[in-house]
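One-based numbering, in listed order, for ligands and for the atoms of each. Scope of the values below: all heavy atoms of this structure, side chains included, with no hydrogens, waters or symmetry mates.
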Amino acid sequence: MPDVELHLPVVNSLLERHKGSAGALLPILHDIQERIGYVPDVAVPEIAHALNLSQAEVRGVISFYHDFRTAPPARHILRLCRAESCKSRGAEQLAAQLRERLQLDDHGSSADGSISLRPVYCLGACACSPALELDGRVHARLSAERLDALLDACREDA
Ligand code: FES
């Protein structure tokens, strides 16, 4: 089913729910992403019209905030911490391990669609560095072996 038929009713019901509330753009984008998994392009003109903004303004906000996706995510989202404490305790080696196994730099999705990789700058687990977040759950005190086991689990559930 095309995105227009699939996603437009969801977008419109969320816009209706936020009608009249001040500063609604970010809450609307969060709600759309939560329901659909990303912010589909068909949502942009609808949001712009409802909030009396230009489409360029809406697209600018979506691209400014790293948390918003404009395409469906992979089955698992892995965010490796690249901030100081984790860096000083092996995050670079873990990033190299991810590059080798998934053929990805800090961003992007693996060819089999199992994992999307994204950097994050501190997960609040600095005392237990290095850390990552996998599907919203933090894993700390990582080692090469633990990272390998997490990747294996992600790829096995296809
Ligand atoms: S620097 Fe990585 S969790 Fe804080």
Is a salt bridge present between [X] and [Y], judged by a nitrogen-to-oxygen distance below 4.0 Å?
X      : Y      : result
Arg82  : Asp106 : yes
Asp135 : Arg75  : no
Glu84  : Lys87  : no

I'd like to know if atom 2 (Fe) of ligand 1 has an N/O/S atom from Cys81 within less than 2.8 Å of it, counting both backbone and side-chain atoms.
yes

Within less than 2.8 Å of atom 2 (Fe) of ligand 1, any N, O or S from Cys86?
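Yes, Cys86 qualifies, because one of its backbone or side-chain N, O or S atoms lies under 2.8 Å.
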
Value rounded to 0.5 Å, distance of CG in Leu51 from CD in Glu46
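Spacing of CG (Leu51) from CD (Glu46) equals 11.0 Å.
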
Can you tell me the protein heavy atom closest to atom 3 (S) of ligand 1 and the distance?
Leu123 N, 3.3 Å

Output the list of atoms in ligand 1 that are nearer than 4.0 Å to some heavy atom of Ser85, sorted by atom number.
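Here the atoms of ligand 1 in question are 1 (S).
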
Against heavy atoms of Cys122, which atoms of ligand 1 measure under 4.0 Å?
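Under 4.0 Å from Cys122, ligand 1 has these atoms: 1 (S), 3 (S), 4 (Fe).
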
Mark yes when over 12 heavy atoms from residues, nucleotides or ligands other than Arg146 sit less than 6.0 Å from its CZ; otherwise mark no.
yes

